[in-house]
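Below, all heavy atoms of this structure are taken into account, side chains as well, without hydrogens, waters or symmetry copies.
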Amino acid sequence: MRRRDVFRMTAVVGAAGALTVEGVTSARADGPAREETRTLTGRLPAGAPDYVYLPVEVPAGVRELAVSYTYDRPEVPPGTLGNACDVGIFDERGTALGGAGFRGWSGGARTEFVVGTERATPGYLPGPVRPGTWHVVLGPYTVAPQGMAYEVRVTLRYGPAGRTPAVVHPPQRAAGRGRAWYRGDNHLHSVHSDGRRTPAEIAAAARAAGLDWITTTEHNTTSAHGAWQGLWGDDLLILTGEEVTTRNGHVLALGTDPGVFVDWRYRARDGAGQGAFARFARAIRRAGGLVVPAHPFADCPGCSWKFGYEHADVVEVWNGPWTPDDEMAVAAWDAGLAAAARGGGRWLPAMGNSDAHREPQVVGLPQTVVLADSLSRQDLLAGLRAGRSWIAESSAVGLTFEAYGARGGRAGIGGRLRVRADDEPVTVRLGVTGVPGAVVRLVTDQGPVFTAPLPADGRLEWGTSAARSAYVRAEVRRGGADRPMVALTNPVFLGA
């Protein structure tokens, strides 16, 4: 038996603006298999809303939904972006901003997925399939001038619901070494979003890279939070988080409580855009996490950061192998240090992460080295928030960096050396291992003030004062002052 119905579907941009389109739905009952397939079709114009919600009526007795989708890819003129469309799903609790009905997102990484009581495709959350209006959400990332024709097939599978598996989240603490410097990579992707590695492969790569801790940060989903059972240990702490992937930049919700979802469906230009970001930044902090704008100068559509830094806790200035994007991020971050230096105001610490998705991308290139009281979520995030950290190309690189006053004072990375007078002599000491032939550059609020080859013993001293330098930070580069970064420190501030 076949029937045809016309559905009305509403597409919403953030929290405001709507487009109503019409699609055709056909359904087929497959007899003994107790399956029913519905096909939803339509066409989106160039300039379509960011998110298009396709309603699917789910009756009682459905065990799981299987969704697949396709869209056309017409040829476009040179330099013009073609069609690219993401996908996800919300259940009967609705699509309101905040994500009460969120059941999963795979972006453009998959063309099909399953959501059911007992199982779900990576990126999606298993759980009860309740009757009501569910919504497949399309995210037309870019739309060709000719528009985008889509087809979505939803198969409803009937039967006993079964039981949703219990979720086991990673512990919040590992054995560690007490107060020490711990190495972490806090921007990683697995098969739960657009990565190709399994969690087991990431954990193995993290151990091989000499890391003490990692954070799972899938795009717009928390499905990986429960995927690490048996992979943590006394030598590896695994924290949970999310890469919140908006159309105006990506932000890491770093170290949030397991299972906490952060919505991504807003722009900076929307009437509620900045307000929405501020709202979700507060939500990240309430969940115990840090707000970390990621790769702020990345040049892919939607990747560069447009929300400003008022609500940020830390900024990712080094993402993967060193590129001109990272050079721009470091320069912009450094410009913000001077504004805070003299008044002792708030400053934004820097961090670096690999953003590794697949081979040959290297887990732990780069990595952030944090001084923490223990190998625990609370202490590691506190160290990052305070800027007691530096960034390394790999675990082969070692570094110490401190400033000493003439009257016996001392301050390390992220600290402030208190001096009685601005002209009191200050000695800066840098020690580096594992980088023979490197060049050291010291940077203050005046810019680069000292550049020299790293001595053979890896030790260097430099003299200044608070009158000359509001802060000082160190860069270690391979082969020259304008060459790829090997290590980068947060600053030591100088002054009363």
Side-chain angles (χ1 to χ4, degrees), residues 180-187 206 209-213 292 295 314-334 337 348-356 362-372 380 383-384 386-403 411-415 428-444 447-462 471-493:
W181 292 92
Y182 294 101
R183 294 175 179 265
D185 188 348
N186 299 281
H187 187 170
L211 300 180
D212 301 295
W213 62 302
V292 185
H295 47 65
V314 184
V315 60
E316 183 186 76
V317 302
W318 184 352
N319 177 278
W322 187 259
T323 67
D325 296 347
D326 302 312
E327 202 76 63
M328 294 171 65
V330 168
W333 163 70
D334 183 80
L337 296 178
L348 198 61
M351 72 180 306
N353 302 297
S354 73
D355 197 4
V362 178
V363 173
L365 170 59
Q367 54 195 246
T368 299
V369 191
V370 184
L371 180 61
L380 290 166
L384 283 175
R388 297 192 302 268
S389 59
W390 58 280
I391 310 169
E393 179 187 63
S394 74
S395 60
V397 181
L399 182 145
T400 59
F401 187 62
E402 293 181 307
I413 297 170
V428 175
R429 293 175 182 164
L430 173 70
V432 180
T433 59
V435 197
V439 168
V440 172
R441 184 161 77 165
L442 301 181
V443 182
T444 74
V449 293
F450 178 86
T451 303
L454 182 69
D457 64 358
R459 300 178 181 276
L460 183 148
E461 286 194 0
W462 178 72
Y471 65 87
V472 59
R473 61 178 184 83
E475 297 178 358
V476 182
R477 295 175 181 256
R478 180 174 285 105
D482 60 348
R483 304 297 291 171
M485 197 77 73
V486 178
L488 169 72
T489 74
N490 275 302
V492 179
F493 291 92

Q. So W390 and V397, side chain to side chain contact (heavy atoms under 4.5 Å, CB included) or not? Walk me through it.
A. CA-CA 11 Å; W390 58 280; V397 181; 4.2 Å; yes

(Q) Using the rule given for side chain to side chain contact (heavy atoms under 4.5 Å, CB included), can you reason through I391 versus V317, listing the C-alpha separation, both sets of side-chain angles and the distance that settles it, and then say yes or no? (A) CA-CA 10 Å; I391 310 169; V317 302; 4.0 Å; yes

Q: Evaluate side chain to side chain contact (heavy atoms under 4.5 Å, CB included) for R478 paired with W322, printing each intermediate quantity in order.
A: CA-CA 11 Å; R478 180 174 285 105; W322 187 259; over 6 Å; no

**Q.** Chi angles and distances behind the side chain to side chain contact (heavy atoms under 4.5 Å, CB included) call for W462, V472
**A.** CA-CA 10 Å; W462 178 72; V472 59; 4.0 Å; yes

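Under a 3.5 Å cut-off, the side chain of D185 and the backbone N or O of Q367 do not form any donor-acceptor pair. With hydrogens and angles ignored, the 3.5 Å screen pairs no side-chain donor or acceptor of S389 with any backbone N or O of L384. A side-chain donor-acceptor contact under 3.5 Å links E316 to the backbone of H295. Side chain of R483 to main chain of R477: no donor-acceptor pair is present (N/O by atom type, distance under 3.5 Å, no hydrogens or angles). Panel note: side chain N490, backbone R388; no donor-acceptor pair is recorded below 3.5 Å. In this structure a side-chain-to-backbone donor-acceptor pair under 3.5 Å is missing from R429 to R459. Under the 3.5 Å distance criterion, the side-chain polar atoms of T368 are matched with a main-chain donor or acceptor of G352.
Nearest heavy-atom pair, A438 versus V476, reported as atom, atom and distance to 0.1 Å: CB-CG1, 3.7 Å. Contact detail for S395 and A209: the closest heavy-atom pair is OG-O, 3.1 Å. Looking at every heavy atom in both residues, A392 comes nearest to R183 through CB-NH1, 3.8 Å. Annotation for L211 and G364: closest pair CD1-CA, 4.2 Å, computed over non-hydrogen atoms. Nearest heavy atoms, A386 versus P349: C-CG, 4.3 Å. For the residue pair A411 and G415, the shortest heavy atom distance occurs at CB-C, 4.3 Å.
Inter-residue side-chain proximity for L365 and E393 is flagged as met; some heavy-atom pair is nearer than 4.5 Å. Within the 4.5 Å cutoff, no side-chain heavy atoms of D212 are placed close to those of W181. Looking at heavy atoms from C-beta onward, L442 lies in side-chain contact with F401 at the 4.5 angstrom threshold.
Checked options T451, V486, L488, D334; the residue passing with E475 is L488 (criterion: side-chain contact (heavy atoms from CB on, under 4.5 Å)). A side chain to side chain donor-acceptor pair (under 3.5 Å) with N319 is found for exactly one of D325, N353, D355, namely D355. Only one option out of I413, V443, T444, L337 pairs with P491 in a side-chain contact (heavy atoms from CB on, under 4.5 Å); it is L337.
Atom-to-atom distance recorded for L380:CG and Y182:OH is 8.0 Å, nearest 0.5 angstrom. Atom-to-atom distance recorded for D482:CG and R441:CZ is 8.5 Å, nearest 0.5 angstrom. Rounding to the nearest 0.5 Å gives a distance of 9.0 Å between CG of D457 and CG of L460.
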